[in-house]
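Keep in mind that this is a model prediction, so the values were computed, not measured.
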Amino acid sequence: MSKRDTLQFEGHKFLKQRLVLSILSQRPVRIVKIRSDDENPGLRDYEITLLRLLDRATNGSKLEISHTGTSVLLRPGMITGGRIEMDCPVSRAIGYYLEALVALAPFGKEQMTAVLRGITMNNIDLSVDTIRTATLVNYRNFGIEEGVELKITKRGAPPKGGGEVRFMCPVVRAVKPLNFIDQGKIRRIRGIAYATRVSPQTANRIVEAARGELNRFIPDIYIYTD
């Protein structure tokens with residue numbers, strides 16, 4: 001492809017989305033001025049890990065990172081799927097990386113089986129529970145139902161992590177279009193409360209406090225502990 005076919009963006013915001021859409025659309029993308037005015041310019045450790053993950057999920061992708069880390073060029077390859085293992089830095093939760101894989105996995109050449117290790121929940125990214133109970137459920141709206149699984153093998157909390165999840169997604173021949181018009185109303189609430197390396201009563205107290213607040217809005221509430 002010529003330079004005219006390469007999309008160019010500035011800044012570190014929406015880096016993940018731009019890289020994923022580049023792979024899905026098979027269009028090269030160049031991202032420049034990544035924290036160029038920051039005291040510590042360039043890519044962060046979690047962004048470099050994301051680039052490595054996308055490289056493993058594809059075949060033929062070419063990545064060019066400038067010496068200062070403030071510029072990235074991605075020439076996307078084909079989505080292959082297969083087995084992927086990655087140790088994620090504790091600066092971001094596993095959900096940060098899963099969001100990219102969830103978008104790419106159905107379009108691979110073979111079933112994707114990804115094992116990611118790190119933090120399963122923090123205050124920045126989607127938790128693995130949210131992705132399992134909300135994000136993956138939306139697969140059904142696109143005709144992807146069988147063979148999708150996200151198993152939380154171990155939970156990991158900051159600062160040391162230690163969690164592990166296993167994500168599996170089959171290949172689909174076609175994706176059904178989704179016509180989303182009516183946002184609907186909240187009819188029920190489901191939740192998960194978990195605690196690690198503390199008394200099991202801590203999770204029960206969380207459930208009681210959450211139900212006390214949510215019961216004011218809707219009666220159909222179920223929060224279970226893990």
First locate atom [atom1] of [X], then atom [atom2] of [Y], and finally report the distance between them rounded to the nearest 0.5 Å.
| X | Y | atom1 | atom2 | answer |
| --- | --- | --- | --- | --- |
| Met121 | Thr130 | CE | OG1 | 7.0 Å |
| Ile181 | Gln183 | CD1 | CD | 12.5 Å |
| Ser66 | Leu73 | OG | CG | 10.5 Å |
| Gln8 | Lys33 | CD | NZ | 9.0 Å |
| His12 | Thr70 | NE2 | OG1 | 13.5 Å |
| Leu63 | Asp55 | CG | CG | 5.5 Å |

Non-hydrogen side-chain atoms of Leu51 and Ile65 separated by less than 4.5 Å:
yes
Answer with yes or no whether the side chains of Ser199 and Thr202 bring together a donor and an acceptor at under 3.5 Å.
no
Does one side chain, of Asp45 or Ser91, offer a donor that lies under 3.5 Å from an acceptor on the other?
yes
Residues, nucleotides or ligands: over 12 heavy atoms within 6.0 Å of Ile186 CD1
no
Any ion pair linking [Y] and [X] (charged N to carboxylate O, less than 4.0 Å)?
| X | Y | value |
| --- | --- | --- |
| Asp38 | Arg44 | yes |
| Arg117 | Glu164 | yes |
| Arg35 | Glu47 | yes |

For Tyr96, all residues meeting ring pair (Phe, Tyr, Trp, His ring centres under 6.0 Å), sequence neighbours excluded
Tyr46
Taken in chain and number order and not counting sequence neighbours, the residues that satisfy ring pair (Phe, Tyr, Trp, His ring centres under 6.0 Å) with Tyr139 are none
Using every non-hydrogen atom in the two residues, find where Leu50 and Tyr97 come nearest and quote the distance to one decimal.
N-CE2, 3.9 Å
Closest non-hydrogen atom pair between Asp125 and Ala93, with its separation
OD2-N, 3.0 Å
Distance-only donor-acceptor hits, side chain of residues 215-226, under 3.5 Å, sequence neighbours excluded:
| residue | atom | partner | partner atom | Å |
| --- | --- | --- | --- | --- |
| Asn215 | ND2 | Arg211 | O | 3.0 |
| Arg216 | NE | Glu213 | O | 3.4 |
| Arg216 | NH2 | Glu213 | OE1 | 2.9 |
| Asp220 | OD1 | Arg190 | NH1 | 3.2 |
| Asp220 | OD1 | Arg190 | NH2 | 3.2 |
| Tyr224 | OH | Arg132 | NH2 | 3.3 |
| Asp226 | OD2 | Arg155 | NE | 2.9 |
| Asp226 | OD2 | Arg155 | NH2 | 2.7 |

